[in-house]
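Working notes, structure below.
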Amino acid sequence: MSIKYDYEAVVIGSGFGGSINTCRLAKRWPGAVLLLERGRRYPMGSFPRSPYDIANSFWNLLPEQRKRPKTIAAQEAHGLFDIRNFDHIDAVVSAGLGGGSLIYANVFLEPPEEVFDDNWPAAARKEALQPYYAVSKEVLGARPVPQSSDPRRKVIRTELFQEFAQSEGRESKLLDINVFFGNDFENPTAIGLQEKNRYGAVQTSCVYCAECDLGCNTHSKNSLDLNYLHVAEHQYAARIETEALGQKIAPLNERGEEDPSATGEHGYRVYWLDLKNGHVECSALSRRVVVSAGTLGSTELLMRCRDLHKTLPGISQQLGQHFSANGDFLSFVIDGKKPANPNYGPVITQGTDYNLLKDFDRKHAFILEDASYPNFAAWYTEGIRPGLSHFHAFVRTVRLMASRFLQGLGSGHIGYAFNELLKGSLSYTSIVLLCMGIDKGNGVMSLCKEGFIHVKWPYRDNRGLYDAIERMGKRFRDWTGAKVFVPLPNWLWPMKRNVTVHALGGCRLADSPQRGVTSAAPETFGQVFGYQGLYVADGALLPSAVGANPVATISALSERVAEGITGIRPTADL
């Protein structure tokens, strides 16, 4: 019996791994690749900004009954931000066409060779991945923020972090960021002007609005829907289904029937829920499947297939092991004496090295990056500032307003009064410190009793790294003359927990199923042990933390997975 397949490949998830594989596989099999993305499309100008819209931009599916705040848990929502609460750690992931690229901080940074220790198979180490780093970097348009005499291109906090690095005897360098400043790197396009990128999508030369992490409404961020996915859909006729949640993967036998004893040589039936139409279940037959739903999503889907649906019983027991938060550590230095202006520029521009890129020290290796937040958040910051700190300015403002009406003073005095009220802005002199480092990667993911992913994070095991970051943050506070240093986590109830935006691991690359979940052999790179044609391509593959922002490494690994599937060496021409 000849099986009639609907697709040559089904890709689940549209983050870096999913977008890269959708594009590469669609080039190999035009019109025969299906991408399933649980989130929505976000065309230019569609990301939420008003308080009401942002409050309703979180992810929640009622049937899942996950732990959510009461205001979110009561309603179905297919929003951009999916916040997961676990033991001693919270994770933020994205739902939308383009996955995490819609809200990430744009940095493309290769980790040093020393990161690739014995946990990394030889075929997945730095030297082997170097060509794939190079290709993905070119596609994503990574480059430093332009330097010129135009005052609008001056980012004050960049200079502040560079000066702090000098005071510490550390090296600060401008980082390559995946932000659109025009197609000509040597001659950036004027701020705010639009043009088509090299792949045919319209983008705006970065407007320095500091809104990268909320979704870029001007499409100045080189998110995946503007390069890999744009080409996959418009040039290679990939079918993209949004608000389509992958549910189950079942291998087929030679008759095309679902058979849990099958190992993939006859393909798979993939099930998903159509969230736009009342959670109707849909399915398709495919010769191969690429799972790219992110560390949490991919691990959860494979665990549910193995342990609940019993369709993939042969997956390694290493599934869910070696979870890493990539050493993520967020902190704030508030009300300093040096200008920072964190409300201007791309969200990250520079990195200061602390024994990661040079003089590697695995126990304490991290990188410090500047971070911004949008203008509306600055207004909020001013609004919640303690009232007494503005008391004298407020009295002066009221007095001058009264004089304006009672004594006929010129309106200029009112302008001066508002200047008095707002000068010395708390937000202007506050600083966001974003750090990433080499944590131990010894977290464990499992299914909770409701059948959904749960993470246990042994944060105490990483206190050496966190303490080193905290000491640096306190020195930053003292150097700026700031009043307050607020680390997250701060080890005090109820904030005794990490927050990660770089969850890694769970489907570890390895040379055997006793060491991991996916194969690192060149001919089957990324394929799930025991299952032909079933692949993982996302952050779940990483055997350990990389310290640097992991997008570059995830992209390189995903390009390598796609090459193994298609047999085509990747180039930046797509």
Side-chain angles (χ1 to χ4, degrees), residues 105-109 143-177 179 181 188 206 208-210 212-213 327-361 364-375 377-378 381 423-437 465 467-488 547-549:
N106 313 313
V107 175
F108 192 98
L109 181 60
R143 55 155 301 166
V145 62
Q147 304 297 292
S148 75
S149 58
D150 184 345
R152 295 182 301 165
R153 294 203 185 276
K154 181 178 180 179
V155 181
I156 292 175
R157 62 187 155 82
T158 306
E159 298 178 355
L160 180 70
F161 276 74
Q162 290 171 336
E163 291 171 8
F164 175 70
Q166 187 175 10
S167 75
E168 291 259 291
R170 299 284 177 174
E171 181 178 307
S172 168
K173 69 173 185 178
L174 294 177
L175 297 175
D176 289 324
I177 55 176
V179 174
F181 299 101
C206 181
Y208 290 67
C209 67
C212 308
D213 287 347
D328 283 359
F329 197 104
L330 181 67
S331 55
F332 304 87
V333 172
I334 299 173
D335 206 6
K337 295 180 180 178
K338 297 177 183 288
N341 194 14
N343 315 124
Y344 189 77
V347 69
I348 287 174
T349 63
Q350 71 80 53
T352 302
D353 181 41
Y354 284 83
N355 303 108
L356 175 65
L357 305 177
K358 290 184 178 180
D359 302 320
F360 186 75
D361 175 4
H364 305 103
F366 68 93
I367 187 167
L368 164 66
E369 296 174 353
D370 60 312
S372 66
Y373 56 93
N375 279 309
T381 300
K423 74 177 184 179
S425 165
L426 178 67
S427 60
Y428 194 79
T429 57
S430 294
I431 302 158
V432 184
L433 309 180
L434 180 61
C435 293
M436 284 153 280
L465 170 63
D467 289 345
I469 294 174
E470 279 199 74
R471 288 193 295 270
M472 178 278 300
K474 291 175 181 176
R475 293 195 301 272
F476 206 118
R477 175 200 61 195
D478 296 341
W479 180 76
T480 60
K483 296 178 181 178
V484 181
F485 169 63
V486 181
L488 291 178
N549 309 65

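The chain is numbered in sequence order, starting from 1.
Residues satisfying the ring pair (Phe, Tyr, Trp, His ring centres under 6.0 Å) test with F161, not counting sequence neighbours, are F476. Every residue two or more places apart in sequence or in another chain that forms a salt bridge (charged side-chain N to carboxylate O under 4.0 Å, His left out) with R475 is listed here: E168. In terms of the side chain to side chain donor-acceptor pair (under 3.5 Å) criterion, residue partners of N355 (sequence neighbours excluded) are, by chain and number, R170. K474 meets the side chain to side chain donor-acceptor pair (under 3.5 Å) test with no other residue; sequence neighbours excluded. Residues satisfying the side chain to side chain contact (heavy atoms under 4.5 Å, CB included) criterion with S149, sequence neighbours excluded, are absent altogether. Listed by chain and residue number, H364 satisfy the side chain to side chain donor-acceptor pair (under 3.5 Å) test with D361 (two or more places apart in sequence, or in another chain). Residues meeting the side chain to side chain donor-acceptor pair (under 3.5 Å) test with Y344, sequence neighbours left out: none. Here A340 pairs with L160, P342, I431 under the side chain to side chain contact (heavy atoms under 4.5 Å, CB included) rule; sequence neighbours left out. In terms of the side chain to side chain contact (heavy atoms under 4.5 Å, CB included) criterion, residue partners of C212 (sequence neighbours excluded) are, by chain and number, N106, K221, V347. Partners of E159 according to the side chain to side chain contact (heavy atoms under 4.5 Å, CB included) rule, which considers only residues two or more places apart in sequence or in another chain, are K154, Q162.
The closest side-chain heavy-atom distance from C206 to P346 is below 4.5 Å. Side-chain contact check for V179 versus V145: every heavy-atom pair is 4.5 Å or farther apart. Looking at heavy atoms from C-beta onward, L433 lies out of side-chain contact with L330 at the 4.5 angstrom threshold. Counting only heavy atoms from C-beta outward, the side chains of I348 and D370 approach each other to under 4.5 Å. Looking at heavy atoms from C-beta onward, M472 lies out of side-chain contact with F329 at the 4.5 angstrom threshold.
Annotation: salt bridge (Lys or Arg N to Asp or Glu O under 4.0 Å) contacts involving residues 337-359, sequence neighbours excluded, comprise E171-K358.
Side-chain atoms of S430 come within 3.5 Å of backbone atoms of D335 as a donor-acceptor pair (strictly under, hydrogens ignored).
Nearest heavy atom pair, residue P487 against residue F485, reads CD-O, 3.5 Å.
Looking at Q350 and T158, their side chains never bring a donor and an acceptor atom within 3.5 Å of each other.
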